[in-house]
Amino acid sequence: WSCVGMRHQSALAAIELMDPAMVFIRSESGVLHLLVMGPSGLSAFCIDNDDGVVRDEDMASATPSMQPARNPTQSDILDDKDLEHLQLEAGKLVTARQELEEQLARLRWVCGRHPPGLDVAAVLHDLGVVCRDAGDITSARSHLEESLQLKRKILGTVPSAEVADGLHEIGLVFKDMRHLRMAQRKLEEALVMRRSLPGDHSYDVAATRRELGGVCVERRHLKS
């Protein structure tokens, strides 16, 4: 929120309670217009000079024709192509989530009273990733933790790419939740495991190191 100054901080705090995945901002005559992508989809708001937050029906209906001004401290501003791409990606996430939930239900039905296998764990993992991308952090954590628990139960203590992937993703969820200490712990576990795997896993190792470095910087552990 640094790009909008301190005047609207209390109103922006109310927007943060929506747990938005992305917020796009346009300023006009001292009034902020926001397009918020949250777990329930896209919502439009405006914040007036008195720090009041109201739904912006005009912006919601006229968003495709917006022509916002850009500045170097505000990189995520909507233009026509940005909005079209955002709506397309949001639609893809909704479809992907529905398909994965249906697949999970089918697999659970097939398993019946038998213990679920790695196929269920894999779908839970993918569903958790999709939920996180869509901004539903609570569901993402639930699915990823269940997936990781299944993987560890089936694969045991032997290092595996499946468990390492789960640790990496749950670490990102804790990062989104601002549980940085737990995020660092999970990412460190993922990094150790990925480094111990046979074969070339340099891309995955680099990805975890990058995320871990970001968490350490946020925790001001610059020497980690």
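Residue numbers run from 1 in the order of the sequence given.
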Quick one, His168 with Asp165, criterion side-chain contact (heavy atoms from CB on, under 4.5 Å). Give me CA distance, side-chain angles, the key distance, then yes/no.
CA-CA 5 Å; His168 178 93; Asp165 292 346; 5.6 Å; no
What's the shortest heavy-atom distance between [X] and [Y], and which atoms?
| X | Y | result |
| --- | --- | --- |
| Leu180 | Val215 | O-CG1, 3.6 Å |
| Leu187 | Thr208 | O-CG2, 3.3 Å |
| Leu124 | Ser147 | CB-CB, 3.7 Å |
| Ser139 | Arg97 | OG-NH2, 3.5 Å |
| Cys111 | Pro116 | SG-CA, 4.0 Å |

Side chain proximity check, [X] to [Y], heavy atoms < 4.5 angstrom:
| X | Y | value |
| --- | --- | --- |
| Arg152 | Leu167 | yes |
| Leu118 | Leu150 | no |
| Phe174 | Arg141 | yes |
| Val173 | Met177 | yes |

Rounded distance (nearest 0.5 Å) linking atom NE2 of His143 with atom CG of Asp136
7.5 Å
So, taking the atom named SG in Cys216 and the one named CD in Glu211, what distance separates them when rounded to the nearest 0.5 Å?
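Going from SG on Cys216 over to CD on Glu211, the span is 11.5 Å.
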Side chain of Ser196, backbone of Met193: donor and acceptor closer than 3.5 Å?
yes
Is a donor on one side and an acceptor on the other found under 3.5 Å between the side chain of Arg194 and the backbone of Asp204?
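Looks like yes, one N/O pair under 3.5 Å.
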Compile the donor-acceptor pairs under 3.5 Å between side chains in residues 153-163 and protein atoms, sequence neighbours left out, one pair per line.
| unit_1 | atom_1 | unit_2 | atom_2 | d |
| --- | --- | --- | --- | --- |
| Ser160 | OG | Val163 | N | 3.2 |

Sidechain N-carboxylate O distance under 4.0 Å for Glu145, Lys151:
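Salt bridge absent between Glu145 and Lys151.
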Can you list the steps and then say if Glu169 with Lys186 is a salt bridge (charged side-chain N to carboxylate O under 4.0 Å, His left out)?
CA-CA 9 Å; Glu169 292 298 335; Lys186 296 299 181 183; over 6 Å; no
Which is it for Gln184 and Glu188 under the side chain to side chain donor-acceptor pair (under 3.5 Å) test, yes or no, and what are the steps along the way?
CA-CA 6 Å; Gln184 181 176 346; Glu188 286 174 345; 3.0 Å; yes
